[in-house]
Amino acid sequence: MQSIRRILFFTNEYLKQLKKKRETLLLLFLFPIVLIGMLVGLAAGLIIPAENSPIRVALIDEDQTKESKLISTLLTETANEQEYIEIFPASEEEAELLIERNEISTAFSLPKNFTDDLYEGESVTIPMIGNPSRPIDSFIAKQLVDSLARYIAAAQANILVINDYAKETSMPREERMEMMFEQFVDFTLFTLGKDKLLDEEVLKNAATSTPMNYFMLAGWFIVLTVWLLSFYIVLDGDESKSMGTRMKLFGVSVGQRVAGRLLVSLFVCSLLAGFTFFLMIKLLQVEFYAVDMMRFALFTLLYAFILLCGIAFIDVWVPSKKIVLFLQCIFVFIIVLVSGALLPTLYFPQSIQELLPYLFSPIALGWMMDLVLEGRNYASYTSLTIYSFIAFFLLWLSLSWKERWSR
Amino acid sequence: MNRLPAQFFRLKKEWKSVICWLLAPILLTVFVMKTFGVLQDESKVPIALIVEDSSSLAMQLAEEIEKNDMLSVRYSELDDALHKLKQHELDSVFVIREGYGGSVLENRRNGLIEAYSSNRSFAYPAISETIMSLAQQDISRSKAAGVIRQLFQEYGMEEQWDYEEIIQRSEEKQKNESLLRTSFSYGKQAGQPDEKPMELLNSKAVWAFFTIIAAFFLFDWMIKESRPSMQVRWLYTSTSFKSHAVRILGLYSLLTVLSDVITLFVFHFVLQELVTLSFILPMLTFRVTLNLFAFLLAIVYRQLLLYYMTGMAAALLLTVIGGAIVPLDALSREAKWVEFLSPVRSLMTTTIPIAWLMLLMLLLVAWMMKGGRRIA
């Protein structure tokens with residue numbers, strides 16, 4: 001009874017302490033949001049301008065034969081159908097100038113004797129010159145040209161085989177060259193029309209489960225996690241040794257103070273997280289009923305509790321403050337990474353995927369995703385409840401053990 | 001006077017922690033890079049493959065798909081696979097349709113393969129491309145055989161036409177002669193590694209992140225030295241607190257530069273990173289910038305914990321703005337000034353963060369010139 005009263009006392013004290021640290025509080029509130037916002041902004045900056053202004057690639061035709069001209073027109077046309085890339089013919093000097101002026105990402109050329117080598121089966125290298133100030137664009141362009149080269153190489157082997165067999169017939173050379181050109185055009189067109197092969201269909205389980213929503217919720221999850229950590233750390237304050245001794249003399253245990261910190265961080269963060277979650281739901285226009293809200297809140301609370309227990313656990317066992325801070329941050333980072341908020345768990349290596357059902361953060365985030373995005377209307381709290389009991393028990397055990405040891 | 005200078009007192013007491021935090025960034029960088037490398041090799045995209053056709057061509061295609069390093073292929077029933085796809089347990093589902101072999105032989109190729117993806121299939125575009133190119137190869141070969149047959153018919157050599165032989169020859173040709181290749185280079189610069197234009201995780205950025213944190217952890221001496229109880233002592237000494245602090249700054253800078261030398265060796269020998277002479281100066285200026293930054297911030301702070309937290313936050317922010325996590329390519333095209341915001345960016349592009357360095361130097365000079373004993 002006494003101990004509960006003390007925990008309540010400390011809870012109250014810490015709340016007061018938080019009120020005093022108003023500026024820090026504001027910073028704490030804003031920092032994760034700003035960070036996530038910035039990341040999203042950067043990612044958007046990466047994707048959106050690519051749609052508005054396509055990657056521009058110059059094509060230098062040094063060969064100037066019928067075939068090379070055909071290839072350049074074909075490439076230009078197929079590329080123009082796509083939104084994200086634009087290929088246009090240029091001379092070598094022009095291309096160099098354009099790279100210098102940072103107006104194009106890459107230039108590639110069809111070298112001299114391109115056509116002859118292609119027909120004869122000599123190996124041909126297509127030189128690409130990237131723009132050093134646009135490495136990503138250059139990289140994408142290289143991938144594209146690489147895949148084009150792969151397609152043409154596959155087609156080319158067949159053209160060569162046809163050529164070989166044609167040589168066996170009594171066809172005159174002129175006529176054979178003529179036929180080769182026809183075959184060349186035919187195969188190139190055939191290759192570029194490869195998309196017909198696939199019958200594509202996109203399955204939508206629920207309209208709300210778009211990648212955008214997924215990452216919005218994931219972002220909220222990360223913000224919540226960072227809040228929990230930072231509030232817990234800030235509540236620590238700078239407690240002098242003499243104060244600690246005085247506390248001990250009053251019969252206050254470390255555990256009671258830790259419990260106070262834990263409760264305050266849990267309480268404050270749930271308020272903040274609840275508020276932001278409500279905003280997000282409105283923004284995403286997800287239908288969310290009171291029951292769903294209850295379920296979601298339960299998952300959030302369980303997750304937050306387990307996480308805080310983990311953070312407090314490190315606090316109890318490691319003596320140096322610096323290392324505590326560092327370990328707590330790494331712990332939180334790993335928890336976020338494993339949860340699938342940064343990269344969906346689907347793409348994790350097999351060895352880690354087998355562990356996932358036993359980790360609390362992927363379970364929590366998985367259920368949250370299911371509730372919000374897939375509109376699932378049942379939920380199982382068993383594993384998370386068990387985990388939270390285990391976490392609480394471990395924390396309590398190590399606290400009481402420490403207490404006895406230090407006495 | 002054979003006594004150690006006062007600057008060494010703190011070092012004598014805390015040398016263990018100092019060495020620990022000098023070496024921590026190096027060890028952590030190596031650890032992160034190595035684990036990431038292993039994980040990246042191991043991660044595969046799960047897809048389901050349903051083979052409805054029993055011809056040898058279809059079997060061959062399935063085998064080829066399975067051989068791909070990027071994919072982990074599971075064979076299952078369509079309903080089951082689609083259910084799993086909806087649960088987001090698979091990235092995509094591919095069906096080799098009934099009659100695939102026959103259609104390839106007859107040069108028909110429309111809709112031979114069915115592809116299902118969900119709206120959360122992030123790897124689908126790359127995978128569909130791969131599978132398409134594999135199937136396209138078969139079809140292309142079969143088309144060539146058809147052309148040759150026609151040719152032979154025209155010249156009355158029909159009895160010599162052999163489908164298997166043509167296919168085999170085409171396969172051999174493609175395998176033996178790497179016919180069409182691309183080479184990549186950045187302009188006329190020599191010595192650039194050509195084959196790797198981009199890496200997913202940059203070791204320099206990882207190192208920068210940990211180094212910023214470690215720098216803040218190392219420079220906490222400034223807060224400890226300037227606490228009020230210590231301030232009183234400087235009233236009775238001939239040297240001022242400021243010159244003492246600047247000397248310690250010099251000492252710690254020397255130590256950190258030493259750790260940087262080790263870092264360069266580790267980058268070169270353990271991570272097999274290309275370390276050129278041109279990298280040394282940017283690294284040195286990055287270090288000076290960072291030390292000044294940590295030092296000047298330490299003047300403002302009173303509480304150790306808050307200072308450490310600021311260090312962590314700064315590390316995160318600077319590496320993010322530096323384009324270490326999300327590449328800044330597209331953004332820096334729009335707004336050049338973004339690059340100046342972070343010294344990490346300068347480190348990654350091996351330039352010198354002039355704006356930062358100048359500003360911090362100015363602040364340091366201003367702090368030293370300002371009279372009075374109170375801290376800024």
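In the text below, chain A, chain B and the rest are named by the order of the sequence lines, each starting its count at 1. No experiment lies behind these values; they were computed from the predicted model shown.
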Residue, of [options], that accumulates the most heavy atom pairs under 4.5 Å with chain A:
options                                   : value
Gln137(B), Lys143(B), Arg97(B)            : Lys143(B)
Leu85(B), Leu306(B), Ile166(B), Leu151(B) : Ile166(B)
Ser118(B), Ser117(B), Ser72(B), Gly111(B) : Ser117(B)
Ile139(B), Val93(B), Ile167(B)            : Ile139(B)
Val95(B), Val45(B), Val38(B), Leu317(B)   : Leu317(B)
Lys44(B), Glu114(B), Arg169(B)            : Arg169(B)

TODO: Output yes when a side-chain donor or acceptor of Glu89(B) lies under 3.5 Å from a complementary backbone atom of Leu346(A), and no otherwise.
DONE: no

Task: Side chain Lys322(A), main chain Phe217(B), donor-acceptor under 3.5 Å - done: yes

Is [Y] close to [X] at the side-chain level, that is, under 4.5 Å between some pair of heavy atoms?
X         : Y         : result
Ile47(B)  : Ile131(B) : yes
Tyr308(B) : Ile213(B) : no
Phe94(B)  : Leu61(B)  : no

Open item on the list: With a 6.0 Å cut-off on the ring centroids, do Phe152(B) and Tyr165(A) count as close?
Closed with: yes

- [ ] Could you tell me if the ring centre of Phe326(A) sits under 6.0 Å from that of Trp21(B)?
- [x] yes

TODO: Give a yes-or-no answer on whether the side chains of Arg176(A) and Asn163(A) include a donor-acceptor pair shorter than 3.5 Å.
DONE: yes

Task: Between Ser92(B) and Tyr116(B): side-chain donor-acceptor atoms closer than 3.5 Å - done: no

Please classify the contact between [X] and chain B as side chain, backbone, both or neither, with a heavy-atom cut-off of under 4.5 Å.
X         : answer
Thr106(A) : side chain
Ser230(A) : both
Met179(A) : side chain
Phe348(A) : backbone
Ile159(A) : neither
Phe333(A) : neither

Which answer fits [X], side chain, backbone, both or neither, if we ask what part of it has an atom under 4.5 Å from a heavy atom of chain A?
X         : answer
Leu28(B)  : side chain
Glu165(B) : both
Tyr100(B) : neither
Met132(B) : both
Asp91(B)  : both

- [ ] Please lay out, stage by stage, how Tyr124(B) and Glu129(B) fare under the test side chain to side chain donor-acceptor pair (under 3.5 Å).
- [x] CA-CA 8 Å; Tyr124(B) 173 74; Glu129(B) 193 71 12; over 6 Å; no

TODO: Before accepting this row, confirm whether a basic side-chain N of the pair Lys224(B)/Glu14(B) lies closer than 4.0 Å to the acidic partner's carboxylate O.
DONE: yes

Open item on the list: Out of Asp117(A), Ile352(A), Val34(A), Asp164(A), return the one with the most heavy atom pairs under 4.5 angstrom to chain B.
Closed with: Asp164(A)

